[in-house]
J.: 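Take a look at the following structure, please.
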Amino acid sequence: MTRPLRWTALRWTGIGLAAVALSFVLVGWWHWRDRPDPASLGIPEATSLPGEGGVTLTWLGVTTLLIDDGETRLLSDGFFSRPGLLEVLLDRPVAPDLAGIEAALSAAGISRVAAVMPVHSHYDHAMDSGEVARRTGAVVVGSESTANAARGAGLAEERIVVLPEGGTRRFGRFEVTWVVSRHWPLTGDGAPPMPGAIEEPLVPPAPVSAWREGGSYSIHVAHPAGSLLIQGSAGYRSGALQGLGADVVVLGIGGLTRSGPEHARRYWREIVETTGARRVLPVHYDDFTRPYGEIRAFPRRLDDLETSLRWLAGFADEAAQPVALERLVFARPVRLF
Ligand SMILES: [Zn+2]
């Protein structure tokens with residue numbers, strides 16, 4: 001009798017363990033699927049100013065933004081390849097998706113670009129910058145790490161501008177100023193994810209972790225019609241933007257809920273209040289492991305878009321001057337000024 005009893009006990013233990021494992025999988029799956037819908041969080045779509053001319057802004061996911069005054073085009077980041085979740089999690093070698101880049105540029109009607117401007121050198125910003133610049137005749141402007149990513153993509157040296165301390169460059173009627181900033185802090189001491197620099201030309205395929213942060217910028221775009229600040233990552237350098245006014249801020253909010261409301265408040269003060277912007281357009285909340293063109297928020301457990309937007313709406317409400325918080329729609333140009 002003992003033998004069958006032992007087998008019965010073993011079998012029930014096995015069934016119990018399988019049930020526990022299955023419930024972990026189901027709970028994990030549920031959390032992974034639990035993502036707020038950006039369109040139903042009470043933030044109105046960004047509207048175009050009526051009329052002709054001026055400057056349009058087109059959001060192409062993460063922090064890729066096309067800025068166009070009808071004569072000159074600027075592109076932040078130019079990230080279209082979007083390696084999938086497994087490539088990223090397992091840190092497998094990835095390379096720019098050349099057909100995907102071509103299709104994205106053509107769908108957005110992008111042929112000539114004056115400057116490609118990565119906000120920092122992580123792969124979700126700088127991975128395609130060199131390739132995009134090669135195809136569009138642009139220069140790539142950024143850190144030494146960004147330069148090494150562009151060199152690895154085969155971009156000629158004369159088409160690379162390195163601004164380690166920041167600086168100003170003119171493109172057509174745009175005057176663009178790079179201000180050294182900080183990345184969103186992953187750790188308590190302020191370190192970004194994948195810290196450090198890209199020390200030599202980065203020739204893909206390479207694991208996504210090879211695209212090191214390499215220093216982050218706030219990018220101020222001034223035009224006779226108005227001015228725009230692009231803050232790609234939710235970090236700041238106290239006082240760095242003093243004296244730089246902007247009508248509109250494009251605000252990277254990736255990771256904001258993980259750093260807590262106090263960080264978010266300081267971030268808002270440093271970026272939005274300092275520039276005096278009256279219009280704030282959040283970006284970098286879409287899961288960049290999803291295919292290009294898909295705008296899906298991150299799972300709530302990783303970074304809750306609903307909470308981030310509630311905080312920002314609260315800061316906007318408390319502002320002395322009215323500040324409009326608006327949602328950019330993928331690939332839809334908005335005439336800013
Ligand atoms: Zn980053």
Side-chain angles (χ1 to χ4, degrees), residues 59-65 75-85 87-89 91 94 96 116-130 132 140-150 152-153 163-164 166 178-199 202 204 206-219 229-237 240 249-259 263-264 267 270-271 281-290 292 295-299 302-303 305 308:
W59 180 49
L60 299 171
V62 200
T63 317
T64 291
L65 301 148
L75 187 68
S76 62
D77 293 355
F79 173 61
F80 303 108
S81 290
R82 292 187 165 229
L85 182 65
E87 272 71 32
V88 174
L89 281 184
D91 207 19
V94 294
V116 175
M117 317 182 296
V119 294
H120 58 267
S121 296
H122 280 152
Y123 85 95
D124 55 321
H125 302 277
M127 174 180 175
D128 296 339
S129 303
V132 169
V140 167
V141 189
S143 64
E144 189 59 45
S145 291
T146 288
N148 273 327
L163 298 175
W178 282 259
V179 179
V180 174
S181 182
R182 279 207 183 97
H183 194 277
W184 164 74
L186 173 69
T187 60
D189 62 359
M194 296 182 262
I198 303 171
E199 305 278 4
L202 174 53
V208 294
S209 61
W211 278 270
R212 305 211 158 257
E213 186 250 355
S216 294
Y217 295 99
S218 308
I219 302 176
L229 183 89
I230 300 168
Q231 182 69 29
S233 189
Y236 60 87
R237 206 171 272 279
V249 163
V250 176
L251 195 65
I253 60 170
L256 203 60
T257 53
R258 295 180 65 113
S259 306
H263 173 82
Y267 180 52
E270 290 287 341
I271 309 298
L281 310 170
V283 293
H284 207 339
Y285 57 76
D286 48 319
D287 180 345
F288 44 79
T289 64
R290 304 298 307 166
Y292 177 69
I295 302 300
R296 228 172 139 200
F298 284 107
L302 288 181
D303 188 20
L305 176 62
S308 294

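These numbers come from the heavy atoms of this one structure, side chains and all, not from hydrogens, waters or symmetry mates. Please read all numbers here as calculations on a predicted model, not as lab measurements. For ligands, and for the atoms within them, numbers begin at 1 and follow the listed sequence. Residue indices begin at 1 and follow the sequence shown.
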J.: How many angstroms lie between atom OG of Ser181 and atom CZ of Arg237, to the nearest 0.5 angstrom?
T.: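 Taking OG in Ser181 and CZ in Arg237, the distance rounds to 7.0 Å.
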J.: Is the Phe288 to His122 ring centre distance short of 6.0 Å?
T.: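 Between Phe288 and His122, the centre distance exceeds or equals 6.0 Å.
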J.: Within this structure, what is the CG-OG1 distance for the pair Asp124 and Thr64, rounded to the nearest 0.5 Å?
T.: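 Answer for the CG-OG1 pair, Asp124 versus Thr64, is 9.0 Å.
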J.: Run through the protein N/O/S atoms less than 2.8 Å from the Zn ion (ligand 1) and write them out by chain and number.
T.: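 Less than 2.8 Å away from the Zn ion (ligand 1) sit His120 NE2, His122 ND1, His183 NE2.
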J.: For Asp287, enumerate each residue passing the salt bridge (charged side-chain N to carboxylate O under 4.0 Å, His left out) test, keeping only those at least two apart in sequence or located in another chain.
T.: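 Once residues adjacent in sequence are excluded, the partners of Asp287 under the salt bridge (charged side-chain N to carboxylate O under 4.0 Å, His left out) criterion are Arg35.
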J.: Restricting to side-chain contact (heavy atoms from CB on, under 4.5 Å), what partner residues turn up for Ser145, sequence neighbours left out?
T.: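 side-chain contact (heavy atoms from CB on, under 4.5 Å) list for Ser145, sorted by chain: Ser121, Ser143, Ala197, Ile198.
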J.: Using the test side-chain contact (heavy atoms from CB on, under 4.5 Å), find all partners of Ser233 that sit at least two apart in sequence or belong to another chain.
T.: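 Counting only residues at least two positions away or on another chain, Ser233 forms a side-chain contact (heavy atoms from CB on, under 4.5 Å) with His120, His183, Trp184.
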